[in-house]
Amino acid sequence: MNYERAQAYLKEHGQSQLLDYYGELSESERSRLLTQIEYTNFNIIKNISAKSAEKLGKISPPANTVSVQEAARRRIQFEAVGLNMLSEGKVGAVLLAGGQGSRLGYDGPKGTFNIGVTRELSIFEQLMNNISAVTNITGRTFPLFIMTSTVNDKTTRDFFEAHNYFGYLRDEIHFFIQDVAPACDYNGKVFLDGKGSVSLMPNGNGGWYSSLVNNGLGRILERDNVEWLNVFGVDNVLQKICDPAFIGATILKRCRCGAKVVKKTSPDERVGVLCNQDGKPSIVEYFEMPENLKNKTKKGELVYRYGVILNYLFNVHDLNLTLSGKLPYHLADKAIAHMENGVRVTPSKPCGYKFETLVVDMVKLMGSCLAYEVEREREFAPVKNASGVDSVDTARELLRKNGVTL
Ligand code: UTP
């Protein structure tokens, strides 16, 4: 795209400010900026007016569930099916590690954070240990896709390389960079991150499948006949990855996806809850849930009690449904560094929007989802904050309780 075309294109989208410093740029900087402009999807900015426009449909409890009790009762049966799928190489995993981890306040990819106390134990290493718990049983590895962002890709790859991929088969690990979306101010004007660069930020954790495909990795899924993908976040150091029982239960319950869930500790716990909305599986965020439903109980238990923990199993064939651009963008109010009067400022308070697609919206498109309950104390230790709830300290305590030497 040349300068004149960029000018016309930006005018059409109301984003002419992106060329404010063009005159000050070198030839190579100009060409980089023009390329960025050419490939940026400005259409998503239209979503800004649709903020909180989505209405809640008719909410009911999830249609397909496996409680902790049922999981215990049918463990052998569920595991047999899952182990068979794993042994046939029909399951892969996707680690979502493209986030900024800003709440932890750690300078580096969250997975490189040392959760150890008397020894070095990075979050990545702990997750790879959780993976070995399964591969030691099946006697084979599975493809592991790791989603990074433009910001942390190199550091993440270097870390895995420096640690010899934690003993995993190198050829089974596939890194890919998450797609980006432009960030803008509250009036929908896209920020410049520098005089010659558009502010582009990771497009949320729902972008993982389209990013994987856009990076050409769909061919590995096809080549290896991978039928299911277990998607998980980087934060939960206690989670089971490619848990055979979870895989088997999702298949036996004939669901197109499954979500590991834990019982909410109280009606007000800030987690999304797996329910049905207008007959489709759906995750209702804690701030969206109407009070009467949030507190509703039956036989002394919350009716809407299954909180999601960002560990999902998706059927690969059905995932293609999410590729046709149907995933909505959500606005995230964030502090975004940007150019202001010729100077790059880094605000400490939110100043604009980042656009994010969310895994929870993928669940809706799948049509059916199994709520597979697991014991919180054994499978949920998220590292979100530096201190307090869901922090390094709480995660360490839970790891210790589960026999991990720190
Ligand atoms: P969070 O919602 O905790 O976001 O991500 P975050 O950016 O990591 O952390 P904060 O909010 O700034 O503190 C949940 C999971 O989704 C991944 C994260 O790496 C984490 O595993 N994620 C999030 C992505 O891969 N890409 C994104 O754009 C956002």
Side-chain angles (χ1 to χ4, degrees), residues 44 93-113 115 122-124 126-128 130 144-153 155-157 159 174-183 199-212 214-215 229-239 241 259-260 270-272 283 285-287 307-312 314 327-337 346-350 353-363 380-392 394-395:
I44 66 165
V94 184
L95 164 57
L96 304 178
Q100 290 175 295
S102 50
R103 280 171 287 172
L104 183 60
Y106 166 69
D107 189 22
K110 196 186 269 189
T112 65
F113 183 85
I115 191 87
S122 65
I123 291 183
F124 280 142
Q126 175 57 29
L127 295 175
M128 295 307 287
N130 296 350
L144 173 63
F145 300 90
I146 302 180
M147 184 168 84
T148 61
S149 72
T150 41
V151 180
N152 70 18
D153 183 67
T155 340
T156 304
R157 286 176 195 247
F159 193 80
H174 311 278
F175 294 94
F176 65 102
I177 299 182
Q178 174 173 8
D179 294 337
V180 287
S199 175
L200 297 171
M201 309 196 85
N203 66 349
N205 59 28
W208 69 269
Y209 188 61
S210 54
S211 301
L212 184 146
N214 292 343
N215 277 272
L229 282 174
N230 181 203
V231 184
F232 61 100
V234 74
D235 317 292
N236 180 6
V237 286
L238 208 50
Q239 66 192 313
I241 297 154
K260 282 210 169 179
R270 296 154 74 99
V271 291
I283 289 148
E285 289 300 337
Y286 60 91
F287 50 84
V308 288
I309 58 171
L310 193 47
N311 188 314
Y312 297 96
F314 285 101
L327 280 186
Y329 274 98
H330 295 256
L331 299 181
D333 207 357
K334 294 262 177 177
I336 302 161
T346 45
S348 54
K349 291 205 180 107
Y353 297 127
K354 186 180 170 232
F355 290 79
E356 295 186 332
T357 54
L358 303 179
V359 171
V360 296
D361 287 317
M362 299 176 96
V363 169
F380 189 45
V383 180
K384 291 280 185 197
N385 305 303
S387 57
V389 213
D390 297 343
S391 65
V392 179
T394 55

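As the structure lists them, so they are numbered: ligands from 1, and atoms in each ligand from 1. Note that this is a predicted model, so its numbers are computed, not measured.
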Show me, pair by pair, the donor-acceptor contacts under 3.5 angstrom made by side chains of residues 97-106, not counting sequence neighbours?
from, atom 1, to, atom 2, distance (Å)
Tyr106, OH, Thr112, O, 3.4
Tyr106, OH, Thr112, OG1, 3.0

(message) Is there a side chain to side chain contact (heavy atoms under 4.5 Å, CB included) between Met128 and Leu144? Walk through the geometry before answering.
(response) CA-CA 10 Å; Met128 295 307 287; Leu144 173 63; 3.8 Å; yes
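Between Phe314 and Trp208, the ring planes are tilted. Angles from 30° to 60° get that label.
Shown are Asn205, Val231, Val234; of these, the side-chain contact (heavy atoms from CB on, under 4.5 Å) with Leu310 is made only by Asn205.
No side-chain donor from either of His174 and Asn215 sits under 3.5 Å from a side-chain acceptor of the other. A side-chain donor-acceptor contact under 3.5 Å links Asn214 and Asp179.
Listed by chain and number, Leu96, Ala97, Gly98, Gly99, Gln100, Gly101, Ser102, Arg103, Met147, Gln178, Pro202, Gly204, Asn205, Gly233, Val234, Asp235, Leu310, Lys384 each place a non-hydrogen atom less than 4.0 angstrom from ligand 1.
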